[in-house]
Protein chains: 2
Amino acid sequence: MKTTEPHQSEHEHEHQSSSHNHNDCIDSALATAETLCVQQGQRLTKVRRRALELIWESHRPLGAYQLLAKLAEEGFNSAPPTVYRALDFLLAAGLIHKVESMNAYLGCAHADKAHKGYFLICDDCHNVMEFDYQDIHTALIAKAAQQGFELRAETIELTGLCSKCKSKAAGAIA
Amino acid sequence: MKTTEPHQSEHEHEHQSSSHNHNDCIDSALATAETLCVQQGQRLTKVRRRALELIWESHRPLGAYQLLAKLAEEGFNSAPPTVYRALDFLLAAGLIHKVESMNAYLGCAHADKAHKGYFLICDDCHNVMEFDYQDIHTALIAKAAQQGFELRAETIELTGLCSKCKSKAAGAIA
DNA sequence: TAGATTTTGTTATGATATAACAAGTCAAAC
DNA sequence: GTTTGACTTGTTATATCATAACAAAATCTA
């Protein structure tokens, strides 16, 4: 494994960090989304745009029906296909990820860069940190190729205890 | 990444390989299950044992309700809790894995060895190959630790085209 | 603006999973 | 060998996640 690459950690993005203004993330994500959609001749309609915002406003992965409820509150249609269509669009555009082990959806922090969505999911506070790790990606491609397997998509979801909850747990014992 | 370990591929297990007798796998898996349960003071009851066999008899991951239908045919109770209880037991005992991206369950080929369930899932034929890859595991632990994250479980599900389906696709074009 | 394409509305249903509590089974302690 | 307690299973109901199918509306393009 190469370890000489610079910036291997540059893509970390912690949702709900107390040290960042989440509004900036949302604004940036929406701006990126607009740009990408225009570039690709895709229509970021009202419901799609608002769905994306709501996903970003949530600090943790949002379930489809949670999102649907929020959309319904705002006057959008409240039938399931509404939300699943929006989610399908956003997933296809790479603007969100689905966390398979939670059946929930999360804003993608770097939709404009080709990347894989790898996640660290805290069992305790349920916050999710997306990370990018080119070395893992490269190793997985090679491993798959050994089996004659051509990789198309990767679901990498790691669960455990985040640093905050680990400290909290340690404090509780002491 | 260490590359000097021998046998880094020794755990590959392809379900539904034409070149192996799947019955041997089932027998072996069941024998291992019996042993493990006895060792751990767990009861491999009729329904749990039969559920495990049925999962193994299926050549690809089996959905909970597919399994429930098979159990019902054999006179077991046909209500969902029956199958989910069996699945929960088998998962907790490490005898099966859940493939999150498919909502389906797969026999674990090496329940007696500590390992992580990593999967290659063919988009075309839907066969699943479980693989073990210590180097990835080690790298992920290290990566998580960098973020102060203590890893507990890993969901690694890779989708794409298996070698057979790749050949088939190439043949169709030619 | 006509026709084609895409998006949304609407109704219904399918698929996956759990809650809650009652009844039965088993094994160890008495 | 019966009681006791833990574990397992039965049963009913419901929660949660997702899609099919077709009609209506909006938007793009020629």
Side-chain angles (χ1 to χ4, degrees), chain A residues 33-34 37-52 54-55 58 60-93 95-106 126 155 157, chain B residues 33-34 37-52 54-55 58 60-93 95-106 126 155 157:
Chain A
E34 300 272 16
C37 287
V38 168
Q39 279 174 10
Q40 297 166 23
Q42 298 284 66
R43 283 147 62 181
L44 190 64
T45 61
K46 277 186 190 172
V47 65
R48 289 168 178 174
R49 190 194 157 90
R50 189 62 188 135
L52 181 57
L54 287 168
I55 288 171
S58 164
R60 51 200 68 184
L62 200 57
Y65 278 67
Q66 291 175 275
L67 175 56
L68 182 58
K70 288 175 191 279
L71 288 170
E73 277 177 17
E74 302 183 4
F76 291 98
N77 184 8
S78 67
T82 298
V83 77
Y84 282 104
R85 283 166 178 157
L87 290 171
D88 286 347
F89 174 88
L90 296 171
L91 284 168
L95 299 171
I96 60 173
H97 294 290
K98 178 174 184 184
V99 182
E100 293 287 349
S101 58
M102 300 176 78
N103 293 318
Y105 304 83
L106 186 69
H126 301 105
T155 300
E157 298 173 9
Chain B
E34 301 272 16
C37 287
V38 168
Q39 279 174 10
Q40 297 167 23
Q42 297 285 64
R43 282 148 65 181
L44 190 63
T45 61
K46 277 185 190 172
V47 67
R48 289 169 178 173
R49 191 195 155 90
R50 189 63 188 134
L52 181 58
L54 286 168
I55 288 170
S58 164
R60 53 199 68 185
L62 201 57
Y65 279 68
Q66 292 175 275
L67 175 57
L68 182 58
K70 288 175 191 279
L71 288 170
E73 277 177 18
E74 301 184 5
F76 291 99
N77 184 8
S78 67
T82 297
V83 78
Y84 282 104
R85 283 165 179 158
L87 290 171
D88 286 348
F89 174 87
L90 297 171
L91 285 168
L95 299 171
I96 61 173
H97 294 291
K98 178 174 185 183
V99 182
E100 293 287 351
S101 57
M102 302 176 76
N103 292 317
Y105 305 83
L106 186 70
H126 301 105
T155 299
E157 298 174 8

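- Closest non-hydrogen pair, B:Leu67 versus B:Leu87, comes out as CD2-CD2, 3.9 Å.
- Checking the phosphate oxygens (OP1, OP2) of D:dA26, no side-chain nitrogen or oxygen of A:Lys46 falls inside 4.0 Å.
- Within the model, atoms CG of A:Leu90 and OH of A:Tyr105 stand 11.0 Å from one another, a figure rounded to the nearest 0.5 Å.
- The shortest heavy-atom contact between A:Ala104 and A:Gly63 is CB-N, 4.2 Å.
- In this view, A:Tyr65 and A:Leu68, A:Pro80, A:Tyr84 satisfy the side-chain contact (heavy atoms from CB on, under 4.5 Å) rule, not counting sequence neighbours.
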Check: residues 70-78 of chain B side-chain donor-acceptor pairs under 3.5 Å, at least two apart:
unit_1, atom_1, unit_2, atom_2, d
B:Glu74, OE1, B:Arg50, NE, 2.7
B:Glu74, OE2, B:Arg50, NE, 3.2
B:Glu74, OE2, B:Arg50, NH2, 2.9
B:Asn77, OD1, B:Ala79, N, 3.3
B:Asn77, ND2, B:Thr82, OG1, 3.3

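- Taking both residues in full, the closest heavy atoms of A:Leu95 and A:Cys37 are given as CD1-SG, 4.3 Å, listed atom of the first, atom of the second, then distance.
- Residues from residues 65-74 of chain A with heavy atoms under 4.0 angstrom of DNA chain D, sorted by number: A:Tyr65.
- Of all heavy-atom pairs between B:Lys98 and B:Leu91, the closest is N-CD2, 3.6 Å.
- Among residues two or more places apart in sequence or in another chain, the side-chain contact (heavy atoms from CB on, under 4.5 Å) test is passed with B:Gln66 by B:Leu62.
- Looking at residues two or more places apart in sequence or on another chain, you find a side-chain contact (heavy atoms from CB on, under 4.5 Å) between A:Arg85 and A:Pro81.
- A:Glu157 is linked by a salt bridge (charged side-chain N to carboxylate O under 4.0 Å, His left out) to nothing, counting only residues two or more places apart in sequence or in another chain.
- Taking atom CG on B:Leu87 and atom P on D:dT8, their separation rounds to 15 Å, with Å as the unit.
- The residue among B:Arg85 and B:Glu100 whose nearest nucleotide of DNA chain C lies closer to the 5′ end is B:Glu100.
- Atom CG in B:Asp88 sits about 12 Å away from atom P in D:dT9, given to the nearest Å.
- On the nucleic acid side, DNA chain C has its first and last nucleotide under 4.0 Å of a heavy atom of chain A at C:dT6 to C:dT11, going 5' to 3'.
- In the region residues 37-45 of chain B, proximity to DNA chain D at under 4.0 angstrom, judged on heavy atoms, holds for B:Arg43, B:Thr45.
- Between A:Phe89 and A:Gln42, the closest side-chain pair of non-hydrogen atoms falls below 4.5 Å.
- Summary of helix geometry: the two end axes of the helix from C:dT1-D:dA30 to C:dC30-D:dG1, each defined by five base pairs via their C1' atoms, are inclined to each other by 30° (rounded to 10°).
- The minimum heavy-atom distance between A:His126 and A:Met102, with the atom names listed, is O-CE, 4.5 Å.
- Within residues 75-84 of chain B, the residues that have a heavy atom under 4.0 Å from DNA chain C are, in order of number, B:Pro80, B:Pro81, B:Tyr84.
- Closest non-hydrogen pair, A:Thr155 versus A:Glu100, comes out as CG2-CG, 3.9 Å.
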